[in-house]
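Starting from 1, each residue takes its place in the sequence as its number.
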Amino acid sequence: MANFYRDNDDIRFLFRHTDVGGLAALCEDNFKFSSKFDYAPADVEEAIQNYDMVLESLGQLSADFIAPRAEDVDREGNTLNEDGSVTYAKGMRESLEKLAQAEVMGFTLPYRFGGLNFPNLVYSMAIEIVSRADAALMNIFGLQGIAETINAFASEEIKQKYLHDFTAGKVTGAMVLTEPDAGSDLQSVKLRAFEDDKGNWFLHGVKRFITNGCGDVLLVLARSEPDRAGGLGLSLFVCDRGPTVHIRRLEDKLGIHGSPTCEIFFDNTPCELIGERQRGLVTYVMSLMNGARIEIGAQSVGIAEAAFRVARDYAATRQQFGVAIEKLPAVRDMLIDMKTAIEAGRALLYETSRVVDMEVGYARRLECDSRLRGNDIKNRGNDSGGKEEARQSKNESRKYRRYAAMLTPMSKYYCSEMCNKVAYDSIQALGGSGYMRDYACERHARDARITTIYEGTSQLQIVAAVRRVCSGTAEKFITELAQQSYEPEMKDLLEKLGEGTEQLKSSVAFVKEQGAEYMDLYGRALVDMAIDLINGYLFCGQASTTVDMEVATSGDNGQADNGVVAMRERKAKIARRYITKNASKIAGLTKLIGTGDKSTFTDYEVLIGPVAAE
Ligand SMILES: Cc1cc2nc3c(=O)[nH]c(=O)nc-3n(C[C@H](O)[C@H](O)[C@H](O)COP(=O)(O)OP(=O)(O)OC[C@H]3O[C@@H](n4cnc5c(N)ncnc54)[C@H](O)[C@@H]3O)c2cc1C
């Protein structure tokens, strides 16, 4: 039986290489839930076994059930019925039913709502696996962030009303933010939220481009303060799909055909406020979107993996000039670059997920400590040991929050751009056949295209990440990575990374001298440099792993496995190739930034020419 978890050496390796046990201890709050819920693990080993088992069964479901339906789902799409309801493609309905039966619709939600309480890292692995099978299905499977937002910020009553149904797979949701005049700039959202005399809230207005807008539970960003412009006039609301929620159209789009993209008209729709007024965008949607960005990063890695595999298999069998095309330098170089880029994206994404887990874990511990200390102080006066622990948790929590705020947009940006390149190269590796619908790579390329756009475009991710690169967060994070212990054979590579770090520092200093506009202009170059350095260290870490694992190598003519190699040896080769290639790229970007070229500002009118005449 095929299995998208078992057959992926890199995911299985990273599962063992990363400190999943440490994350489990944080998530399980030292395994205190096991006395209350029979399926909560009692120790680290049991937790790891649970994660492994769920990934195993999801891997099998993805390979055997979901993937074989993906092509039909893509062709069939969704239907907007006359009564305003939406019907998913048949395969989509069947796959969603299977996912609900597998009890994986509440990956990170607490046990008390029927969730699995898994770390984000394992959720990222799961999303990647599902996306490799069907990227469109992931858009509904991956909407679990809606339930997480309700869990994090809504009242207990709202949580009880919705969360059990989410984890049971009885309802799906939608994240309803975008409007015709408010896309990247969500501060200009206009959809009106108003209260009646009894304090009941209602929504009125239009939203567009809403994934699964036909879902049962809608989280809606709306203007609750009519006299207040900008983000502070916005609040977040939850409502059910009911007679006042009208799906006006389904978008006819390039890819992810299985995922309905809706325009919605809210006609005085009853709703409930989530958390506090005016914190809708600045706190709740930011948190929702940060989670969603990691999910799109995972979706991107899954699509890239699927596209790569089509190209890899084809290149082994397609003969031209009397040899398999994988023997030709240009083709084999492209294939290795695709594979390396996927592993780099995965390394960055999983590290980001781990950092988010640390952030959430410490924040939770802090909250719990302060509750306990509150009781303690009442019972027996002040406790200085407890205070010291709380201070440490607070510092750790802050540190991880800063790192997560930088790594999240970096991951979304890197993985989605990588996925587009890999999917296009996959078509290239197949030549004319790649352009035909006979092979899945054309679907993967169409599905890939959205990943750099939704949940914030690449440009917006760069805006978010570059602030952190220039404020010293990247430098601190890279320094922490550099201080870890590595195998002696990594020495020359670490030196190269050290040189690159100096180049990044001097580029940041130069950009700061030039001002904010220059920072925006060269933001991409700075973020690229930082990502390449981080990935370089992550690869060196993987090459210095203590995990004892052997992986198959390619056979001659790509026919069969020829032998095995230790994963650490393989990763050492990946690290060498990645760091060597990127060292010259980093040096080039440093030179480019240092030119001080501002022609984008000074010569725009001359270079661009006029807009088309009416
Ligand atoms: C298939 C699909 C599904 C979607 N699903 C959802 C959903 O479920 N919920 C939801 O709320 N929304 C959803 N969206 C909307 C999506 O999030 C927006 O399309 C996206 O944020 C971009 O907004 P926009 O389309 O208005 O483009 P614009 O904001 O108009 O951007 C146009 C261009 O300008 C650039 N740009 C804009 N501002 C800046 C800046 N400050 N700096 C640099 N460049 C900038 C952008 O990068 C882009 O290249 C979906 C969109 C699509 C296509």
Side-chain angles (χ1 to χ4, degrees), residues 5-23 48 51-52 55 119-122 124-125 128-129 294 297-298 300-302 304-305 308 336-358 403 407 410-411 414-415 418 422 477-498 500-501 530-554 564-583:
Y5 171 54
R6 278 288 139 219
D7 76 357
N8 193 318
D9 292 335
D10 201 37
I11 301 184
R12 284 190 305 112
F13 164 68
L14 291 175
F15 184 85
R16 292 173 61 192
H17 174 68
T18 315
D19 179 20
V20 176
L23 298 184
I48 294 178
Y51 304 156
D52 190 55
L55 290 174
N120 286 287
L121 173 69
V122 182
S124 291
M125 292 172 171
E128 183 194 328
I129 289 167
I294 295 180
S300 304
V301 179
E305 180 72 36
F308 165 75
I336 299 175
D337 279 350
M338 289 161 80
K339 178 92 169 154
T340 308
I342 293 171
E343 291 187 29
R346 189 177 285 126
L348 183 63
L349 176 80
Y350 289 6
E351 175 63 6
T352 306
S353 310
R354 184 191 73 81
V355 165
V356 169
D357 280 323
M358 298 298 280
Y403 288 164
L407 291 171
M410 277 182 174
S411 285
Y414 183 85
C415 294
M418 172 282 285
V422 167
F477 187 69
I478 290 169
T479 306
E480 266 193 27
L481 288 174
Q483 284 165 349
Q484 289 175 11
S485 63
Y486 299 98
E487 282 296 295
E489 67 181 278
M490 297 290 112
K491 189 165 177 276
D492 62 318
L493 298 181
L494 293 168
E495 278 165 13
K496 280 203 175 84
L497 291 172
T501 307
I531 291 175
D532 289 345
L533 291 166
I534 292 169
N535 285 343
Y537 279 111
L538 293 175
F539 275 143
C540 286
Q542 292 177 15
S544 309
T545 188
T546 53
V547 174
D548 187 14
M549 178 173 170
E550 284 186 329
V551 288
T553 59
S554 161
V564 289
V565 63
M567 188 55 123
R568 57 186 297 147
E569 256 181 66
R570 186 180 167 274
K571 287 291 186 178
K573 289 188 192 299
I574 297 249
R576 186 156 299 281
R577 184 177 163 106
Y578 183 88
I579 293 168
T580 309
K581 279 198 163 193
N582 282 310

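At a threshold of 4.5 Å between non-hydrogen side-chain atoms, the residues L55 and R12 do not count as touching. Looking at heavy atoms from C-beta onward, F15 lies in side-chain contact with Y51 at the 4.5 angstrom threshold. With contacts defined as side-chain heavy-atom distances shorter than 4.5 Å, the pair C540/I579 qualifies. At a threshold of 4.5 Å between non-hydrogen side-chain atoms, the residues N120 and R354 do not count as touching. Side-chain contact check for I478 versus I534: some heavy-atom pair is nearer than 4.5 Å. Counting heavy atoms from C-beta on, the side chains of D10 and K571 come closer than 4.5 Å. Residues E480 and Q484 have side chains not in contact (no heavy-atom distance under 4.5 Å, counting atoms from C-beta outward). Proximity of Y537 to T501: side-chain heavy atoms (C-beta onward) are separated by under 4.5 Å at one or more points.
Below 30°, between 30° and 60°, or above 60°: for F477 and Y403 the angle between ring planes is above 60°, a perpendicular geometry.
Atom CG of residue L493 and atom CZ of residue R576 lie 4.0 Å apart, to the nearest 0.5 angstrom. Note that CD of E351 is 6.5 Å distant from CG of L407, once rounded to the nearest 0.5 Å. From L497, atom CG reaches atom CG of L533 across 6.0 Å, with rounding to the nearest 0.5 Å. The distance from the CD1 atom of I129 to the CD1 atom of I11 is 4.5 Å, given to the nearest 0.5 Å. To the nearest 0.5 angstrom, T352 atom OG1 is 12.0 Å from Y414 atom OH. Put simply, CG on L349 and CD1 on I342 are 13.0 Å apart, with the number rounded to the nearest 0.5 Å.
The two residues M418 and A304 have their closest heavy-atom pair at SD-CB, 3.7 Å. Shortest non-hydrogen contact noted between A543 and E487 is O-CG, 4.0 Å. Contact record, R16 with D548: NH2-O, 3.4 Å, taken as the closest heavy-atom pair. In this structure, C415 and V301 approach most closely via the heavy-atom pair SG-CG2, 3.8 Å. Scanning both residues, M567 and D9, for their nearest heavy atoms gives CE-O, 3.8 Å. Minimum heavy-atom separation, I294 to S124: CG2-OG, 3.6 Å.
Residues in residues 537-547 take part in no salt bridge (Lys or Arg N to Asp or Glu O under 4.0 Å) pair, two or more places apart or across chains.
Not one N or O on the side chain of S544 forms a donor-acceptor pair closer than 3.5 Å with the backbone of Y486. A donor-acceptor distance shorter than 3.5 angstrom exists from the side chain of D357 to the backbone of L121, with no hydrogens or angles considered.
Taking a cutoff of 4.0 Å between a charged side-chain nitrogen and a carboxylate oxygen, R570 and E343 qualify as a salt bridge. Salt bridge present: D52 and R6 bring a charged side-chain N and a carboxylate O closer than 4.0 Å.
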Verdict with supporting geometry, Y350 and E128, side-chain hydrogen bond (donor to acceptor under 3.5 Å, both in side chains): CA-CA 11 Å; Y350 289 6; E128 183 194 328; 2.6 Å; yes
Derivation and outcome, side chain to side chain contact (heavy atoms under 4.5 Å, CB included), residues D337 and K339: CA-CA 5 Å; D337 279 350; K339 178 92 169 154; over 6 Å; no
Stepwise side chain to side chain contact (heavy atoms under 4.5 Å, CB included) test for T545 and F13: CA-CA 10 Å; T545 188; F13 164 68; 3.7 Å; yes
Trace of the side chain to side chain contact (heavy atoms under 4.5 Å, CB included) decision for R568 with V547: CA-CA 8 Å; R568 57 186 297 147; V547 174; over 6 Å; no
Worked check of side chain to side chain contact (heavy atoms under 4.5 Å, CB included) between L14 and R346: CA-CA 9 Å; L14 291 175; R346 189 177 285 126; 3.8 Å; yes
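Residue K573 places its NZ atom among 12 or fewer non-hydrogen atoms of other residues, nucleotides or ligands, all under 6.0 Å distant.
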